[in-house]
Amino acid sequence: MSAPYDVPGATHVYSGKVRDLYDLPNGHLLMVASDRISAYDHALEPPIPDKGEILTRMSLWWFDQLADVAPNHVVSTDVPDVVAGRGIEVERLDMVTVECIARGYLTGSGLADYRASGVVSGIALPPGLTDGSKLPEPIFTPSTKAEYGGHDEPISYEQVADAVGSELAARLRDLTLEVYARGEALARERGIIVADTKIEVGLRGDGTLVLADELLTPDSSRFWPADAWEPGRAQTSYDKQFVRDWLTSPASGWDRASDTPPPRLPGEIVERTRARYVEAYETLTGETFRR
Ligand SMILES: N#Cc1c(N)ncnc1-c1cnn(CCN2CCOCC2)c1
């Protein structure tokens with residue numbers, strides 16, 4: 001994918017689904033959050049205005065809230081004007097090759113694995129759980145890091161230990177579960193259920209674990225409105241429900257089971273989705289995003 005932004009002095013090196021990474025001359029990296037949005041494994045059009053800036057601010061807020069749990073990779077938000085608000089200069093780390101995921105609720109791939117075997121990432125769960133069930137306690141459910149466009153594969157804690165060593169595996173598990181516990185508790189007080197989250201962790205030369213990438217955003221986590229939580233069915237997505245409902249409605253004319261790309265989102269859906277990202281940010285942080 002070509003560089004979405006032509007950033008003076010920076011060299012584009014990687015594009016993910018919604019974020020892009022650039023090399024900087026000083027050896028740091030520039031992480032840029034786009035306004036891209038995806039659903040049902042498809043990149044959608046058009047982008048959601050300000051989504052990148054809103055989720056960048058949310059990540060920065062969470063990095064600050066959890067500074068007592070672990071250091072983070074943020075160096076500076078003083079970035080070139082072309083990416084102001086959505087770009088962060090970050091410390092270059094030795095990234096752990098495991099997706100560190102914590103789940104407090106059962107849904108998605110975890111639910112599928114549970115229904116097939118009663119087990120999620122090697123952890124046996126009690127019988128009788130359903131879609132959206134709150135787990136007896138949050139669990140660490142790591143996965144592999146798929147290449148762009150692929151799907152991460154769940155792996156057991158033992159497989160993580162085999163890959164990175166038992167001491168680092170334990171540190172990754174403990175960090176992931178602590179970040180999730182703190183984020184879930186804080187969000188829940190504000191009416192948002194963080195059902196699960198994925199964190200990216202890097203290592204400094206001295207072995208310090210550092211929180212990288214984004215943190216506790218609706219792109220790295222499942223956000224559910226707490227007042228709509230009802231185990232036994234698919235939960236309402238805090239941020240993507242308008243998109244999902246429109247795409248699966250007759251109004252879109254799209255067949256999700258088909259191999260065709262989804263149609264362009266109508267302006268009203270784009271604006272209502274933007275408003276949900278603003279609402280999530282303002283509800284969590286108590287700060288106002290310029291409307
Ligand atoms: N963050 C970070 C980071 C860092 N601080 N140091 C070294 N490498 C990385 C890195 C490289 N790739 N990814 C995967 C996730 N990317 C995030 C950005 O956007 C694109 C996807 C993380």
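Every value quoted in this text rests on a predicted model; they were computed, and no experiment measured them. When a ligand or atom number is given, it counts from 1 through the structure's own listing order.
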Margin query: Could you check, using the six-membered ring where one of them is a Trp, whether His73 and Phe63 have ring centers closer than 6.0 angstrom?
Written below: yes
Margin query: Looking at Arg276 and Asp239, is there a salt bridge between them, counting it only when a charged N and a carboxylate O are closer than 4.0 Å?
Written below: no
Note to self: Quick check: His73 and ligand 1, any N/O pair under 3.5 Å apart?
What the structure shows: yes
Item checked: Proximity to ligand 1 by part of Asp94, non-hydrogen separation under 4.0 Å -> neither
Checklist line | Polar atom proximity, Glu91 to ligand 1 (N or O, under 3.5 Å) | finding: yes
Check: Are Asp35 and Arg86 within salt-bridge range, i.e. N to O under 4.0 Å?
Finding: yes
Next item on the list: Using distance alone, decide if ligand 1 has a nitrogen or oxygen within less than 3.5 Å of any nitrogen or oxygen in Leu93.
Entry: yes
Note to self: Is the positively charged end of Arg173 above the ring of Phe140, judged by distance under 6.0 angstrom from the centroid and angle within 45° of the axis?
What the structure shows: no
Check: Are the charged groups of Asp219 and Arg19 less than 4.0 angstrom apart, N to O?
Finding: no
Margin query: I'd like to check which ligand 1 atoms, numbered from 1 as shown, lie under 4.0 Å from a non-hydrogen atom of Arg19.
Written below: 17 (C), 18 (C), 19 (O), 20 (C)
Check: Does an N or O anywhere in Ser15 fall below 3.5 Å from an N or O of ligand 1?
Finding: no
Margin query: Go through it in stages, so that I can follow the logic: the residues are Arg103 and Ser109, the test is side-chain hydrogen bond (donor to acceptor under 3.5 Å, both in side chains), and I'd like the CA-CA distance, side-chain angles, deciding distance and then a yes or no.
Written below: CA-CA 11 Å; Arg103 298 172 189 264; Ser109 63; 3.0 Å; yes
Margin query: Heavy atoms only: which of Val32, Asp213, Leu21 lies closest to atom 13 (N) of ligand 1?
Written below: Leu21
